[in-house]
Amino acid sequence: MHNKKIEYNGHSSVISIADTCPHCGKNMEPHQVANLFDSPSGIALLTFRCTISECMKYFVLEYADSSQYNPGNLVNYQYNGAVNVDISSNIRKLSPIFRDTFIEATIAEFKNLTNITGLAFRKSFEFLIKDFASYQNPEKVEKIRSNSLNNVIDMFYKDMPKIQELLHIIRRIGNDETHYYREFTDIDVKDLKKLIYNFSLYIDMILNIDEFSEKTS
Ligand SMILES: [Zn+2]
């Protein structure tokens, strides 16, 4: 956050403004485009344009407690809600930490944070694998949590060979995101996300079966 001198209704004024662009997330000094003061509500709407050459997108900021001479105080907007993440209620309940990490990874993807997106999806995957294994083996929770991802897949998913194959594929793609040199050049973070999502569909199905099996027994 920093102070910026602007033109406001023909007067020079100083406002508080974020250091980064809400679209590309980069540090920049925005270009002021227009302003609008709504007298009844005491709200000023200021339009800016990002000055990063690959972005150049417009954004509007809301200032409250405004007058005709003073734009007032910046209202903080959260744009993260714009990210649409499709995680079932079963999965949200099973592993809140997977949910949180997967949402953060999706936000990173949305913001084009290419160096951390894959790592975040890889991390979310580890939580999901371990929390589902813990759900199916409640007496071994500590062993599952402290073991490596590779071991957990080998030990706790051995009765589901096709799922186990999927998990090892995801693990290898996820690990590739953490290495200096890439092993898989034609696979990207979208594939990683899709495969983790496929695994979550499988878990969702099992949780549904367990729920309705209990209800009908
Ligand atoms: Zn921008």
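Computed from heavy atoms alone, side chains included, the values below leave out hydrogens, waters and symmetry copies. One is the number of the first residue; the rest follow in order along the sequence. Indexing begins at 1, ligand by ligand and atom by atom, following the structure's order.
- The CD1 atom of Ile196 sits 9.5 Å away from the CZ atom of Arg122 when rounded to the nearest 0.5 Å.
- Here 4 is the count of protein N, O or S atoms positioned under 2.8 Å from the Zn ion (ligand 1), waters not counted.
- Contacts of Ser148 classified as side-chain contact (heavy atoms from CB on, under 4.5 Å), with partners at least two apart in sequence or in another chain: Asn150, Asn151.
- Checking side-chain atoms of Asp191 against main-chain N and O of Asp188 turns up a donor-acceptor pair under 3.5 Å.
- With a 6.0 Å radius and a threshold of 12 heavy atoms from other residues, nucleotides or ligands, His11 has its NE2 atom above the threshold.
- Here the rule is salt bridge (Lys or Arg N to Asp or Glu O under 4.0 Å) with Glu177, and of Arg182, Arg171, Lys193, Lys123 only Arg182 fits it.
- Within the 6.0 Å centre-distance limit, the rings of Phe102 and Phe121 are counted as a close aromatic pair.
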